[in-house]
Amino acid sequence: MAAIQKLLNIALPPLSLVLLSSFMIPFLIFKVFIYVRNLFQTDEKLENKVVLITGAASGIGEVCSTLSAVDCLVNNAGIGKPSGFKDWSNASEFTSIMDVNFWGSVYGTLCAIPHLKTSRGRIVVIASALGWFPLPRFSIYSASKAAIINYFETLRMELGCAIGITIVTPGVVKTDLGVTLIKEERIMDIIPMLSASELAESIVKSACRGDMYLTEPSWVKVLFPFKLLYPPLVDWASRLFFALSPKINNSATELKPE
């Protein structure tokens, strides 16, 4: 078994480069074709559609509920609280974030799947760019969004074409939650905020096109290759951005799990 692992370690990296190079041009042609098709394609008819939006009392969900939408489930409910590890006293303080952001989406989706299969509907998942580009002091929030992304990517593989799934990974959005997070973490104030109405309109259009992913504003996408190719640089830049000391704080309060 060890010999097989060593062989794979040696052979797969160069083979992967060859495969990536081979697939690049056909993939780009396919993306251009999809883009051109979407320019001339009429959006899906939206009359007599049913949409269920979680977390529609405010923010993105509230705006989405005022717009036309496809026959789908929009998993939008979410909460967050910035907090560094050294500030933790009890891990149970943060279980509600995972309960709402992750398990809330899971439970609602499981209930909706039978109807969505019948109507060949769509699931829209409001995750976050922090799900694939985590930042200091947002560990639990980032973990909950990463869990959502991975769960629905897996679900999409299992469901195939029976139900469409669009995963939305926005940057900082001007909602009650976004404003609250920035007030508690003032350094985030330098990041330009996207309005909830702009994001909601983009989500509706993206769902109508049948997109697998939507990232808004689009400039946030440039962070992904840095995270993938230069993780040490991203860690260093994040520590610098949040003015974190390189030394470990040994005086941090010991966590008390329940």
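Residues: numbered from 1 along the sequence shown. As the structure is a prediction and not an experimental result, all values here were calculated from the model.
Taking CZ from R156 and OG1 from T166, the interatomic distance works out to 8.0 Å, rounded to the nearest 0.5 Å. In this structure, the separation between CE on M98 and CD1 on I79 is 11.0 Å, given to the nearest 0.5 Å. Summarising the geometry, atom CZ belonging to F102 is positioned 13.5 Å from atom CD1 belonging to I140; distances are rounded to the nearest 0.5 Å. Taking CG of L116 as the start and SG of C111 as the end, the distance is 11.0 Å to the nearest 0.5 Å. Considering CG of L214 and CG of L199, their distance stands at 7.0 Å, rounded to 0.5 Å. Atom CE in M193 sits 6.5 Å away from atom OG1 in T175 (nearest 0.5 Å).
Residues forming a side chain to side chain contact (heavy atoms under 4.5 Å, CB included) with W236 (at least two apart in sequence, or on another chain): L233, L240.
Side-chain contacts under 4.5 Å among hydrophobic residues (ILVMFWY), followed directly or transitively, place I25 together with I29. The hydrophobic cluster containing L28, built from Ile/Leu/Val/Met/Phe/Trp/Tyr side-chain heavy atoms closer than 4.5 Å, also comprises M24.
Counting heavy atoms from C-beta on, the side chains of P192 and W219 come closer than 4.5 Å. Residues I126 and I203 have side chains in contact (heavy-atom distance under 4.5 Å, counting atoms from C-beta outward). Under the 4.5 Å side-chain criterion, counting only non-hydrogen atoms from C-beta, K145 is not in contact with L130. Counting only heavy atoms from C-beta outward, the side chains of V168 and S206 never approach each other to under 4.5 Å. Between V234 and F133, the closest side-chain pair of non-hydrogen atoms falls below 4.5 Å.
Here the shortest heavy-atom pairing between G131 and A146 reads O-CB, 3.3 Å. Minimum interatomic distance between I149 and A127 (heavy atoms only, all atoms of both residues): CG1-CB, 3.7 Å. Closest heavy-atom contact between A129 and V220: CB-CG1, 3.7 Å. Nearest heavy-atom pair across V124 and A207 is CG2-CB, 4.0 Å. Taking every heavy atom of both residues into account, F94 and K81 meet most closely at CE2-CD, 4.2 Å.
Within a 6.0 Å radius of CZ in F30, no more than 12 heavy atoms belonging to other residues, nucleotides or ligands are found.
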Show me, pair by pair, the donor-acceptor contacts under 3.5 angstrom made by side chains of residues 9-22, not counting sequence neighbours?
unit_1: N9; atom_1: ND2; unit_2: Q5; atom_2: O; d: 3.2
unit_1: S16; atom_1: OG; unit_2: L12; atom_2: O; d: 2.8
unit_1: S21; atom_1: OG; unit_2: L17; atom_2: O; d: 2.9
unit_1: S22; atom_1: OG; unit_2: V18; atom_2: O; d: 2.8

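Within the structure, no pair that satisfies the salt bridge (charged side-chain N to carboxylate O under 4.0 Å, His left out) test touches residues 114-136, not counting sequence neighbours. Within the structure, side-chain hydrogen bond (donor to acceptor under 3.5 Å, both in side chains) contacts touching residues 100-116 (residues at least two apart or in different chains) are N75-T109, N101-S144.
Criterion: ILVMFWY side-chain heavy atoms under 4.5 Å apart, direct or through other members. Under it, F224 and M212 are part of a common hydrophobic cluster. At a threshold of 4.5 Å between side-chain heavy atoms, the hydrophobic network of Ile, Leu, Val, Met, Phe, Trp and Tyr places L155 and L110 in one connected group. In this structure, F27 is not a member of the same hydrophobic cluster as V32, with clusters built from ILVMFWY side-chain heavy atoms closer than 4.5 Å.
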